[in-house]
Structure formats: C-alpha cells, structure tokens
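Indexing begins at 1, ligand by ligand and atom by atom, following the structure's order. Quick note: residue numbers are just sequence positions, from 1. Everything quoted here is computed from the prediction, not taken from an experiment.
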Amino acid sequence: MAEHASATEEAQRAAELRHEIEQHNVHYYVQDAPTISDADYDALMRELVKLETEHPELITPESPTQRVGAAPLAAFGSVQHAVPMLSLGNAFEAEDVQAFDRRVSDTLRGAGLLRLDQSPEYFCELKFDGLAISLRYEDGVLVQAATRGDGQTGEDVTANVRTIRVVPLRLKGAAPRVLEVRGEVLMNRADFERLNRTQAARGEKVFVNPRNAAAGSLRQLDPRITAQRPLRFFAYSWGEVHGLPGTQPGLFEEPTGNARQQSTLPHDSHGAMLNWLAELGLPVNTQYNKRVTGAEGLLAFYEQVGRERPGLPYDIDGVVYKVDSLAAQKVLGFVARAPRFAVAHKFPAEEATTRLLDIEVQVGRTGAITPVARLQPIFVGGVTVTNATLHNEDEIRRKDVRIGDTVIVRRAGDVIPEVVGPVLSQRPQDAREFIMPTRCPICDSAIERTEDEAIARCTGGLFCAAQRKQTLWHAAGRKALDIDGLGEKLVDQLVESGRVKSLADLYSLTAFELAALDRMGKKSAENLVAAIDKARTPTLGRLLFALGIRHVGETTARDVARHFGSIEAIMDADEDALCGAPDVGPVVAGSIRRFFAEPHNREIIELLKAQGVHAVAEAGPEGNALAGKTFVLTGTMPTWTRDEATRYILAAGGKVSGSVSKKTAYVVAGEEAGSKLTKAQELGVTVLDEDGLKALLGV
Ligand code: IVH
C-alpha cells in the first residue's frame, strides 16, 4: 500500500482483505484444501489488523479480526429457542430402518402423498458426534448462537461461536429477515490430538474425545480460549425462517389480534433447503449428503458410510435419514420430542477385551449400590476406559463375571462403558467371585436389598455423605437449578466439612467462606454466590426435578409442575390427584407422595422458602402462540382421546381447564358437546373441532 493512501483506498483494501481471508477460511476449514501457505495467510491477517488498528473506523463486526474473542463472561445467558430443538429416534438394526420406512410409506399413502408403487425419497446425512447449536441470523448478520440445552432453552454462546472460522458472521447474497440455522459444532480428530498435546505440554486439562473437546471449548466463559480451539461446524437443519427477499412476509392473525410473522421457506425439500443454506455461505456437508429412495437406498447409504467411517476426519456415531419432501414431513409430524419424518441409524457399539482387576461398589443418589469394574486401561470406542458399570449383583452372577477374568468391554456413543461378559477360555485359576458388602463403604450403614428389587441400597439416606453429595450435584445440574460453578470437588468439600447438609444450606453460603476453600479464588466465589442467588427463582419444574424424587425425570417434573402450578399443590396432592397429571401413573404418583410424606423432605421445602427460594410458574415453550392459553375440552373427538389432546396442549405450553370462562382461549368441541359449548358461544370464545386443534398445534 502507498504511504498516503486515500481513505477510500484504505476502506477498499480492508474490504478486499476481509473477503480474501474469509475465502481462505472456507478453503481451509470447509473444503480441507488450503490454496495458500499459513505464512501468506498470516501476512494477510497482519495487514488487515494493521489497517484496522490505524483506522478503527474500518472495523466491521464481521471482520475476521473480530474472531479473536471478546472479553470473558461471568456466566452464560439463556436463550429460549423460538422453534424447539428436537432429538431423533434411534434405529440400530436393518429391521428398525425397514419399520421406519414402512411407517413413513403408510402415512404418506394414507395422506395421498405417495402412490402404492412408489417409495419415499429420503435425504441421508452423517450423524456428527459433536454438539447441536442454533445460529440466528437477522438481515444476514449473525446475532445469536445458542446450545441446544434441554431443547427449549439453551445457553447463549454467541461470543464463542463468533470465533469459529467457518461460521459466517454475515451471509452471502439475499438473506431473509430471520434465519435460524441448526447444525453441529465438532472438532476433527487430528485437531483434537494436536490440542491435547498442547494442553498436556502446558499441564492443562486433556480431553477424552473430540466431542468433549468441542463441548468444552464451546462452553468456555472466555471466548479468547474458544478462539484458539480448532472448532468446525456443519449445518443440517433450520428453525425459524421468515422475511425472504422478494416475498411478502406471511402474516397471520392470532386470535388475540396480534399479527405474527409466519415462517416462509424458499424450497420444498430438505435437500434443496440445505443447498440454499450452502449458497448463503453456510458449511453444509455436500460430500456425503445423499438423496436415496426407500429402505434399500437407506441401508446402502449406511453400508457405504460404515466402510468409509475410519477414514473420515471427524467422529460420527451413525447416519441420519430424513424424509426429503417438506410437505411429507409436515404430514408425518412429531412424537414427543422427535420428528416422525427422521431417524438416526446408529453404528454398533465398539468392543475390546481387557483384564478385570477388581469390583468396587459406588453409592448413588438414592442409595443404590452399583458394582463398578476396575479395568486394566483399554482403548475402546475412541476413549481409554478404566471403569465400567456392572449394573447390579444379579447381572454379575448372570454374566458370570469374576475378578481376574479377561472381559469384553463395550462402549457405544456417549453411554457409560459396560462389561459384556468374561472370556471363559482365559479364566485364571484364582478368579474370585464378587461378594456384595453388607455395609456401606461410605457411611457404614447397612446395605439392604428387598425381595422384589434387583438393586441393593445403602440405608443411610441423607446421613450417608455419598447420597448427600449426589443429591446436591443433581440439584445443581443444568437441567435442575443450573448453578454454574458448583462442581463435584466443591460439593465434596462442602459436604465433608459438614457446612452443607441439605439443599437449603447452599443458599446461605457466603463468598467469604467459599473463598477460603481449596482452589477457590475471590472472583469465582463471588460468581458462585451470584449463580446460587439466581437459582432462588427456578421454574417450578426445575425445582421439582432438583429434589431428586425417584422416577421424576425432567419431563415428568415439568408436566407435573404445569398441571399443579405450585409446590404446595404438589405436596398436598394424593395419588389420585397426581395421576391426573399428564403421563403420571401409579409408580410416579406413589413416589411423589411418599417423598412429601417424609417430614424431613417437607422441612427442606420450608427451609428453602426461608432462604428466599420461590419457584416461578412453569411457562410453556416461549415464542409459542399457545403459551399460557387455556383450553376447555368437551364432547368426543373423532380420533384423539381427551388425555391425548391434553398432553399435546400441555406440551405446546397451553393449559387445560374444566370450565369455560372469559379467560378461556379455546373450547375444543367434539360430538355431543353440551353446556360448555353453549357457554363458549355465549361468551364469544373461539370453538375448534379436532382438526382445528391439530392445525393450531401444528401436529
Ligand atoms: S437433525 C429434527 N441431523 O443428533 C431433527 N441431527 O438426536 C434434529 N446430529 O441433537 C436433528 N448429526 O446434535 C440432525 N445430520 C444430523 C445430525 C444430527 C448429528 C445430532 C444433533 C441432535 C442429535 C439428535
């Protein structure tokens, strides 16, 4: 550049450099085919940095220099997904795939979308073993990136995602007003190994596999660290899309009179949508994605990918099949949280043999005693395994596993490795049988096993430090109270010192006392106190889940919370009333009732209240037009039972009530609807039939 270049020349050169560098990023990271040397790339980058340092007005948010990472965050914000991020059903055997194809074919034929002599068209993809992410572009500019979280709410990782070279900060060409891109963040195997070597050399944490390395790098509070990690991204789906250029945004009137923008898509098939995403500059795996016909096409794709898998630069744990036509996808709809139009076909678990050195027992959150195999370290399924679960005593007898045996160890995807069985031909003379201890190795309470249960349990309850610790870890977990910074080591110290005996004690911790603990700085102590304070107002579902009641998982907790609306109502409900909540049967109801029948559990609720903890009502999925709307069901519907309809309404964030009032948003009337229908008509409440309800729910 000339010494006294004019301002326009400098601006032009900066734009040129930005463009050129981003092109090289794509060549390097997406196509794996760099066209210049690292030194030349660095020279371009240095020139741009120099220009921007001298003329800060030339810096644009999408400049590649801005990918170095912003200042660290204290905690991640949360992001409500406008369209939930779903999971996929699994297929393991060819028969599962054939059954999937049959279900799809039958439904599409029934809907008149497929002739009898035709088979469905599918779009096949790799199932990347990374972590799902949603990128939100507004007017072509990346404005937000969020992890999947529980599918409804994720973590805001925008600052980190901005450092991933292949993620365009601005889309190419004519971008829609809003575009949410869904895809996977991952790390190539070679990059992962290089990263681990560097980490080890610096005495820092090494990661067990590329997926954990990718997750750890993305969930970093300091984006400058993320910027140094070789993360990649592939787009495979989308969420909210609207405001396509050249089209009028589709508007529809909500019953409340609010106009909302409707999703409009430019293409009618999954494959065409992905091509469009690629045209906008998003990395799409065009090398492997493939359109096929029928179950035979799917299975051929699986075979082919299976053969090529070892040579891929990244880990995959299967392939994904999606019905290609979007109209057909819509007809197929969803079950629970997974689409009926797609399925993941998993690769079989990997197995290896090693020596079983010993069998020890671990005490779980509910006192369950799990025998754990201590193994001669063995590399299987991409990680070194030293422990594997043996589930329970009966399982050990059934498999006839003895200490000293050579055993087969299996590991699939992210699941805990397990001991499949012994290699009997290699059993040594002195192999020993496992004997279940009679006393808890942690608290010395008796270990008991009731007749009808396969599980032995420590009877110590919350007297047992192991159970106390696990109860607290569980409560602090991301799906429960989400207390960032309360890790295992810290819980161990808090419990062992006797300072924290129950969940309620957590809330009285001060930064001063925390700072005195091992490996705790003043800043982290303050952050932890802030995180605990934030957890004073969890949603009711999270609080219920945090209590760790047996059989009450995160979804059940949310359903029960939505149904009852307050902790008091849940505490006072009898089994019949509990069974009225969606998907709650006698086992779950009995477990909840027994939990709250225990005076010390009721006392914990009182102590939590005294610490200022109060749960907020469980809202429906945000961004959903049905959130908080009340429905009344009356009469008999042609295909759905009332229970089914209730479940769908609750899942969509709505409420169901027994009587019609001015507050009722919709009355769903079937055959022989009676006085409720009349009342609805009198009050001017919208009346729907079953089809109308389904249309509203989008199912
Ligand atoms: S589609 C509506 N496609 O698998 C379906 N998912 O169990 C949404 N994944 O959380 C997912 N590769 O992290 C889809 N080609 C692919 C995928 C993929 C990996 C992961 C993703 C998701 C999980 C679903």
Side-chain angles (χ1 to χ4, degrees), residues 81-92 96 100 104 122-135 145-155 157 161 180-188 209-212 214-215 218-219 231-241 263 265 269-271 273-275 277-278 282-292 298 301-302 305 309 312-326 328-347 412-415 478-479 621 698-699:
H81 299 300
V83 175
M85 290 181 77
L86 304 168
S87 57
L88 291 170
N90 288 327
F92 295 97
D96 303 336
F100 164 74
V104 167
Y122 294 102
F123 198 81
C124 304
E125 299 170 3
L126 302 184
K127 187 168 188 305
F128 304 107
D129 201 5
L131 67 154
I133 187 134
S134 184
L135 308 177
T147 60
R148 176 167 183 267
D150 63 4
Q152 321 252 12
T153 312
E155 283 177 326
V157 287
V161 167
E180 264 180 22
V181 180
R182 305 263 160 99
E184 199 90 347
V185 169
L186 50 91
M187 200 179 279
N188 277 6
N209 57 26
R211 200 181 61 78
N212 284 0
L218 195 69
R219 296 194 65 251
L231 292 174
R232 293 170 194 250
F233 170 78
F234 280 117
Y236 51 62
S237 185
W238 59 90
E240 190 181 353
V241 182
S263 216
L265 301 179
S269 73
H270 183 82
M273 281 294 291
L274 291 196
N275 286 340
L277 296 182
L282 290 153
V284 172
N285 192 319
T286 40
Q287 197 185 349
Y288 282 94
N289 289 352
K290 190 169 177 188
R291 214 170 102 109
V292 305
L298 297 177
F301 179 79
Y302 179 79
V305 173
R309 182 184 183 196
L312 290 176
Y314 37 73
D315 284 350
I316 58 173
D317 56 349
V319 293
V320 180
Y321 310 138
K322 302 172 180 176
V323 170
D324 195 32
S325 148
L326 300 186
Q329 287 193 0
K330 197 159 182 204
V331 166
L332 287 155
F334 302 87
V335 258
R337 292 187 196 195
R340 278 206 202 87
F341 54 78
V343 74
H345 191 180
K346 296 291 208 53
F347 289 125
D414 206 23
V415 300
R478 274 214 287 153
K479 292 175 175 176
V699 296

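Here the shortest heavy-atom pairing between Ala214 and Leu231 reads CA-CD2, 3.7 Å. Closest of all the heavy-atom pairs between Asn90 and Lys346 is OD1-CE, 3.7 Å. Closest non-hydrogen pair, Leu326 versus Met273, comes out as CD1-CG, 3.9 Å.
Centroid-to-centroid, the aromatic rings of Tyr314 and Phe234 come within less than 6.0 Å. Taking the six-membered ring for Trp, Phe341 and Phe334 have ring centres closer than 6.0 Å.
If you check each of Arg148, His270, Arg182, Glu184 against atom 20 (C) of ligand 1, the one with the closest non-hydrogen atom is Glu184. The nearest non-hydrogen atom to atom 3 (N) of ligand 1, considering only Lys322, Lys127, Met85, comes from Lys322. When Phe341, Tyr321, Tyr288, Tyr236 are ranked by how near their heavy atoms come to atom 16 (C) of ligand 1, first place goes to Tyr236.
Between Pro339 and ligand 1 there is a heavy-atom distance shorter than 4.0 Å. For Leu126, the heavy-atom gap to ligand 1 drops under 4.0 angstrom.
For ligand 1, the atoms lying closer than 4.0 Å to a non-hydrogen atom of Glu125 are 3 (N), 15 (N), 16 (C). Numbered from 1 in the order shown, with element, the atoms of ligand 1 that lie under 4.0 Å from a heavy atom of Phe128 read 12 (N), 19 (C).
Test Phe100, Phe301, Tyr321, Tyr302 against Tyr122 for ring pair (Phe, Tyr, Trp, His ring centres under 6.0 Å) and you get one pass: Phe100.
The protein atom (non-hydrogen) at minimum distance from atom 8 (C) of ligand 1 is Leu86 O, 4.0 Å. When hydrogens are left out, the protein atom nearest atom 5 (C) of ligand 1 is Leu88 CD2, 3.5 Å; that is the closest non-hydrogen contact.
Of all the heavy atoms of Val320, the ones lying under 4.0 Å from any atom of ligand 1 belong exclusively to the side chain.
Remark: the backbone N or O of Glu155 is paired with a side-chain donor or acceptor of Thr147 at under 3.5 angstrom.
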